[in-house]
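For clarity, every value in this text was computed on a predicted model and none was experimentally measured.
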Amino acid sequence: MKVWHKRRTVHQVTDARPSLTEDIGKREKYYLIKMGIRLVCLILAFTVPAPLPVRLLLFAGAIFLPYVAVIGANAPQKGVPVDSDMHETGQSEIPRHRREIGS
């Protein structure tokens, strides 16, 4: 006896933000990639017998990449407009002290 189950339709919300876990994972990945590049720059700056301008460029990468990595990891999400529908329709935000739903 075969039992046929009806497949459920999965609806996706296209303008929803990714989950917090997914967002943190993405930020950690980009941070670790940039810090890995920094480590490579630092190692190459000390070990490769290159001309002075190349070594200075590698040192600059090793010095400034941590700043770029931290700023990038703390940057707000891109691609999802924040409260775009409120500004287009002329609606204003509910004051913080009135955010509860009353009866």
ask   = What are the two closest heavy atoms between P66 and M35, and how far apart are they?
value =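 It is CA-SD, 3.9 Å.
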ask   = If you take all heavy atoms of G61 and R38, which pair is closest and at what distance?
value =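 Minimum heavy-atom contact is O-CG, 4.3 Å.
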task = Share the residues that join I43 in a hydrophobic cluster, the rule being Ile, Leu, Val, Met, Phe, Trp or Tyr side chains under 4.5 Å apart at the heavy-atom level.
result =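 ILVMFWY cluster around I43 also holds L39.
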inquiry  = My understanding is that a hydrophobic cluster links ILVMFWY residues whose side chain heavy atoms are under 4.5 Å apart, including indirect links. Using that, what else belongs to the cluster containing F46?
reply    =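 Via sub-4.5 Å side-chain contacts, F46 links to L42, F59.
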Is [X] linked to [Y] within one hydrophobic cluster, defined over Ile, Leu, Val, Met, Phe, Trp and Tyr using a side-chain heavy-atom separation of less than 4.5 Å?
X	Y	answer
L44	V54	yes
L65	I33	yes
V40	V48	yes
V68	Y30	no

Reported [atom1]-to-[atom2] distance for the pair [X] and [Y], which is rounded to 0.5 angstrom:
X	Y	atom1	atom2	answer
K26	T21	NZ	OG1	13.0 Å
Y31	N74	OH	CG	9.5 Å
L57	C41	CG	SG	7.5 Å

task = Please answer whether the main-chain N or O of A50 pairs with a side-chain N or O of R55 as donor and acceptor at a distance below 3.5 Å.
result =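 Looks like no, no N/O pair under 3.5 Å.
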